[in-house]
> 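Structure below; questions to follow.
By convention here, the first residue in the shown sequence is residue 1. Quantities reported herein were computed from a predicted structural model and do not represent experimental measurements.
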Amino acid sequence: MKKIKKQPKYIFICGGVMSGVGKGTSSASIGKILQSRGFKVTAIKIDPYVNVDAGTMNPTEHGEVFVTEDGTECDQDVGNYERFLNTNIYDINYITTGRVYQTVIQKERNLEYGGKCVEVVPHIPEEVIRRIKKVAKSTGADFILIEIGGTVGEYQNILFLEAARILKIQEPKNVLFILVTYLPIPSKIGEMKTKPTQQAVRTMNSAGLQPDIIIARAEKPLDEKRKEKISMFCNVDKGDVISAPDVDSIYEIPLNFEKDNLSLKILKKFQMKPKKNRDLQDWEKLVKKIHHPKKEIKIGIAGKYFKTGDFILTDSYISVIEAVKHAAYNFDSKPIIDWLDTEEFEDTPSKLKNLKNFDGIIVPGGFGSRGTQGKIKIIKFCRENNIPFLGICYGMQLAIIEFARNVLNFKDANSTEINPKTKYPVIDLMEEQKKNLKNAQYGGTMRLGAYNCEIKKGTIAFQAYKNSSFPKIQLENGNIIIQERHRHRYE
């Protein structure tokens, strides 16, 4: 009997009306509910910028850089994929305009196009499709979710929409389009408006695409009238308009989607049946913990990347935030996170006494000298007043500088990143990095991804790891080896 070849299914998730509408969490949530039906799922993030990866961008410009296990600096949405799907997402799952053009140009230089005229269309979309199919083959996933960054109608992502259109022609039964759009409720009008969504769908139509499902983001749940309007003017069945109101926690989204049986709607469109009954019990327990905490824990995060004009940009530290949340949920606690602008502590040292109001202080990563003196003052105050403190990356380096200065009396102690001529370079550029910086090789050249670290027996770090479920290797000398992801040049 001839074995039927497995046909992976491709779901493209696009955004309409505005950026930040929730494509990433929608993609991760769709993946979760398909997982709950017994399917293997992976996700791809497409970023339309010409940067090869996210590593060279300012956190205020782009938000946090997420680092994969195999060392790719990518968009923070990949972090959401990993948290929701409980699986590693790798380098091949990340696509940017820069990566695609870089490959096509290199192939042309290598005569891989056989001397043909290499053009933006079809060769760029073909390279996008090649990358998508490579992920399908290497992961063996039943479903490949492809989030196209940006908003339909932007020039930057039109080539990726074109790739989606071509793939739909090639495999009409294996491709589905989902539009995540926004329905505003203008305060002076008081009515939820569908016109922006109608315009987004028509823009999507102009690229040769028709959404099969529309996820309607809004402050409130959609009523039947709004669903009817979207159905009528956007060419979708009313049942395929999924209400996605604002929620207190992103971890509620998969459960909200399943209120509309979204997983079954997707499977029906692919003429598939679930492999098992829906199993979201662990997810429901997590959401219950979030909504019914037994206590509160107050954490201060001292950084410098979260201000953009008059607004707070928490995306710069999203992995730190999610880690704090999950740690708190594990102890049936509600995390109360406050943002501490380190530059304010340089100008107003009297604010330091307010740190006593926190259960713990975190100083996360960063680059450069701006705000570092404020961070060092915060670290010193925490140490002297026995306030629980966690320094991550640059925060840990500054904790070493503070200790060297104020306990060891190395008054000039510093990182050579801040002061190359310091008498006590307690933090210095890694040897293998000196050549990179000398040759101005910045992109993708830091120590990146999973890295082995030996933890010495008897230390606080040893106890923390030893008593956790964190993967570890026991050594004969009593120490343990753990593996964590790195992103730095100094140590």
> Can Val426 and Phe403 be said to form a side chain to side chain contact (heavy atoms under 4.5 Å, CB included), step by step?
CA-CA 10 Å; Val426 292; Phe403 189 86; over 6 Å; no
> Under 4.0 Å between a Lys/Arg side-chain N and an Asp/Glu carboxylate O for Lys351 and Asp341?
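Judged by the 4.0 Å cut-off on N to carboxylate O distance, Lys351 and Asp341 do not form a salt bridge.
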> Kindly say whether Phe66 contributes a backbone atom to a donor-acceptor pair with the side chain of Gln76 at under 3.5 angstrom?
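No, Gln76 side chain to Phe66 backbone: no donor-acceptor pair under 3.5 Å.
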> Are the side chains of Lys193 and Leu183 in touch, meaning some heavy atoms are under 4.5 Å apart?
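Counting from C-beta outward, Lys193 and Leu183 never come under 4.5 Å.
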> Which of these, Glu454, Lys457, Gln474, sits in a side chain to side chain donor-acceptor pair (under 3.5 Å) with Asn479?
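Per the side chain to side chain donor-acceptor pair (under 3.5 Å) rule, the option paired with Asn479 is Glu454, out of Glu454, Lys457, Gln474.
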> Check for a donor-acceptor pair, side chain of Glu252 on one end and backbone N or O of Ser249 on the other, with a separation under 3.5 Å.
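Looks like yes, one N/O pair under 3.5 Å.
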> Could you tell me whether a side-chain N or O of Thr97 sits under 3.5 Å from a main-chain N or O of Pro48, the two making a donor and an acceptor?
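Present.
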> With a 3.5 Å distance limit and no angle check, can you tell me whether Asn157 reaches the backbone of Gly149 through a side-chain donor-acceptor pair?
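Yes, the answer is positive, given that a donor and an acceptor are paired below the 3.5 Å cut-off.
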> What do you reckon, is NZ of Lys134 surrounded by more than 12 foreign heavy atoms closer than 6.0 Å?
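For Lys134, atom NZ is not crowded (no more than 12 foreign heavy atoms under 6.0 Å).
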> Could you check whether any side-chain N or O of Glu346 sits under 3.5 Å from a backbone N or O of Gly374, counting only pairs where one atom can act as donor and the other as acceptor?
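Judged by distance alone, yes, a pair lies under 3.5 Å.
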> Do the numbers put Arg99 on top of the ring of Tyr101, so that NZ or CZ is under 6.0 Å from the six-membered ring centre and no more than 45° off the axis?
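Pair Arg99/Tyr101 does not count as cation-pi.
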> Flag the pair Lys356 and Glu384 as a salt bridge only when some basic side-chain nitrogen lies within less than 4.0 angstrom of an acidic carboxylate oxygen.
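Answer for the salt bridge query: no.
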> Can you tell me if Asn330 has over 12 outside heavy atoms packed within less than 6.0 Å of its CG?
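Enclosed.
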> With a 4.5 Å limit on heavy-atom distance, are the side chains of Ile11 and Phe143 in contact?
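Side chain of Ile11 against side chain of Phe143, heavy atoms only: contact under 4.5 Å found.
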> I'd like to know if Arg383 and Glu402 make a salt bridge, using a cut-off of under 4.0 Å between side-chain N and carboxylate O.
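Yes, charged N to carboxylate O under 4.0 Å.
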> Taking it one step at a time, do Gln433 and Asn436 satisfy side chain to side chain contact (heavy atoms under 4.5 Å, CB included)?
CA-CA 5 Å; Gln433 290 294 326; Asn436 288 334; 3.4 Å; yes
> Pair Ser243, Arg226 - check side-chain hydrogen bond (donor to acceptor under 3.5 Å, both in side chains), show working.
CA-CA 10 Å; Ser243 179; Arg226 249 43 58 171; over 6 Å; no
> Checking side-chain polar atoms at under 3.5 Å, does Tyr465 have a donor or acceptor matched by the opposite partner on Glu484?
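Yes, side-chain donor-acceptor contact under 3.5 Å.
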> State, with a plain yes or no, whether a side-chain heavy atom of Ile392 is found less than 4.5 Å away from one of Val320.
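When only atoms from C-beta onward are counted, Val320 and Ile392 do touch, with a gap below 4.5 Å.
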> Would you indicate whether Phe470, at its atom CZ, is surrounded by more than 12 heavy atoms from other residues, nucleotides or ligands within a distance under 6.0 Å?
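It does: Phe470 CZ has more than 12 such atoms within range.
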> Using ring-ring contact (aromatic ring centres under 6.0 Å, His included) as the criterion, list what pairs up with His291, not counting sequence neighbours.
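Here no residue qualifies.
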> Do Arg405 side-chain atoms and Phe410 backbone N/O form a donor-acceptor pair below 3.5 Å?
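Checked: no pair found.
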> Thr422 and Asp412: side-chain hydrogen bond (donor to acceptor under 3.5 Å, both in side chains), yes or no, with the steps?
CA-CA 6 Å; Thr422 176; Asp412 185 41; 3.2 Å; yes
> Mind listing the closest non-hydrogen atom pair of Ala28 and Asn80 along with its distance?
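Residues Ala28 and Asn80, closest heavy atoms: CB-O, 3.8 Å.
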> Does the side chain of Val78 reach to within under 4.5 Å of the side chain of Asn93, using non-hydrogen atoms?
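A side-chain contact under 4.5 Å is absent here.
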> Tell me whether Ile158 at atom CD1 has more than 12 heavy atoms from other residues, nucleotides or ligands lying less than 6.0 Å away.
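Open.
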> Determine whether Lys377 and Glu343 satisfy the following criterion, salt bridge (Lys or Arg N to Asp or Glu O under 4.0 Å), listing intermediate values before the conclusion.
CA-CA 10 Å; Lys377 287 177 180 178; Glu343 290 180 284; over 6 Å; no
> So which atom in Ile250 and which in Phe84 form the shortest heavy-atom distance, rounded to 0.1 Å?
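Looks like O-CZ, 3.7 Å.
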> Could you tell me whether the side chain of Phe257 reaches within less than 4.5 Å of the side chain of Ile242, counting heavy atoms only?
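They are in contact (side-chain heavy atoms under 4.5 Å apart), so the answer is yes.
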> Set out, in order, the CA-CA distance, both residues' side-chain angles and the distance that settles side chain to side chain contact (heavy atoms under 4.5 Å, CB included) for Ile480 and Leu475, then state yes or no.
CA-CA 6 Å; Ile480 55 175; Leu475 300 178; over 6 Å; no
> Side chains of Tyr94 and Glu73: is there a donor and an acceptor less than 3.5 Å apart?
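No pair is found: no donor N or O on one side chain lies under 3.5 Å from an acceptor on the other.
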> Does Lys23 pair with Asp77 as a salt bridge, N-O distance under 4.0 Å?
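Between Asp77 and Lys23 there is no salt bridge, as every charged N stays at least 4.0 Å from the carboxylate O atoms.
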> Are Thr181 and Val21 close enough that some pair of their side-chain heavy atoms sits under 4.5 Å apart?
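SC-SC contact between Thr181 and Val21 ruled out.
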> Using a 4.5 Å cut-off on heavy atoms from C-beta on, say whether the side chain of Lys295 contacts that of Asp332.
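The answer is no, as the side chains (C-beta and beyond) never meet within the 4.5 Å cut-off.
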> For atom NZ of Lys334, decide whether the heavy atoms of other residues, nucleotides or ligands shown that lie under 6.0 angstrom number more than 12.
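It does not: Lys334 NZ has 12 such atoms or fewer within range.
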> Under the criterion salt bridge (charged side-chain N to carboxylate O under 4.0 Å, His left out), which of Asp75, Asp53, Asp91 is the partner of Lys45?
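Looking at Asp75, Asp53, Asp91, the match for Lys45 under the salt bridge (charged side-chain N to carboxylate O under 4.0 Å, His left out) is Asp75.
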> Spell out, as yes or no, whether a donor-acceptor pair under 3.5 Å connects the side chain of Ser415 to the backbone of Glu417.
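Side chain of Ser415 to backbone of Glu417: a pair is present.
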> Is the closest basic N to carboxylate O distance between Arg447 and Glu491 below 4.0 Å?
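Yes.
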> Answer yes or no: is there an ion pair linking Lys434 with Glu431, defined by an N-O contact shorter than 4.0 Å?
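Counted as a salt bridge, because a side-chain N and a carboxylate O are separated by less than 4.0 Å.
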> Let me see the working for Asn51 and Thr96 under side-chain hydrogen bond (donor to acceptor under 3.5 Å, both in side chains), right down to the final yes or no.
CA-CA 7 Å; Asn51 304 65; Thr96 68; over 6 Å; no
> Does Gln35 reach the main-chain N or O of Leu85 with its side chain, forming a donor-acceptor pair under 3.5 Å?
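Answer holds: yes.
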> Within a reach of under 6.0 Å around CG of Asn409, are more than 12 heavy atoms found that belong to other residues, nucleotides or ligands?
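Yes - once you tally the heavy atoms of other residues, nucleotides and ligands closer than 6.0 Å, there are more than 12.
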> How about Arg489 and Thr445: does a side-chain donor come under 3.5 Å of a side-chain acceptor?
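Looking only at side-chain atoms, Thr445 and Arg489 do form a donor-acceptor pair, the distance falling under 3.5 Å.
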> Verify, without hydrogens or angle tests, whether Thr197 (side chain) and Lys195 (backbone) share a donor-acceptor contact under 3.5 angstrom.
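Absent.
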> Are Arg131 and Glu127 ion-paired here, with the side-chain N under 4.0 Å from a carboxylate O?
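Yes.
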> So, does Ser138 use its side chain to make a donor-acceptor pair with the main chain of Val135 at under 3.5 Å?
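Answer holds: yes.
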> With a 4.5 Å cut-off on side-chain heavy atoms, are Phe177 and Ile213 touching?
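SC-SC contact between Ile213 and Phe177 ruled out.
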> Give the minimum heavy-atom separation between Gly22 and Ser26, together with the two atoms involved.
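Where Gly22 meets Ser26 most closely, the heavy atoms are O-OG, 2.7 Å.
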> Could you walk me through whether Val247 and Ile253 satisfy the side chain to side chain contact (heavy atoms under 4.5 Å, CB included) test, starting with their C-alpha distance in whole Å, then the side-chain angles of each, then the deciding distance to 0.1 Å, before giving a yes or no?
CA-CA 8 Å; Val247 289; Ile253 297 173; 4.0 Å; yes
> Will you find, in the side chains of Asp47 and Tyr49, an N or O donor that is under 3.5 Å from an N or O acceptor?
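The answer is yes; a qualifying pair exists.
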> For the pair Tyr251 and Tyr329, name the ring-plane relationship: parallel under 30°, tilted 30 to 60°, perpendicular over 60°.
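Taking Tyr329 first and then Tyr251, their aromatic rings stand perpendicular (interplane angle over 60°).
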> Would you kindly check if the NZ (Lys) or CZ (Arg) of Lys298 is within the cone defined by 45 degrees around the ring axis of Phe358 and under 6.0 Å from the six-membered ring centre?
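Positive - Lys298 is close enough to the ring of Phe358 and near enough to its axis.
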> Has Gln281 got more than 12 heavy atoms of other residues, nucleotides or ligands less than 6.0 Å from its CD?
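No.
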> For the pair Asp428 and Thr416, evaluate side-chain hydrogen bond (donor to acceptor under 3.5 Å, both in side chains) and give the outcome as yes or no after the intermediate values.
CA-CA 5 Å; Asp428 194 18; Thr416 53; 2.7 Å; yes
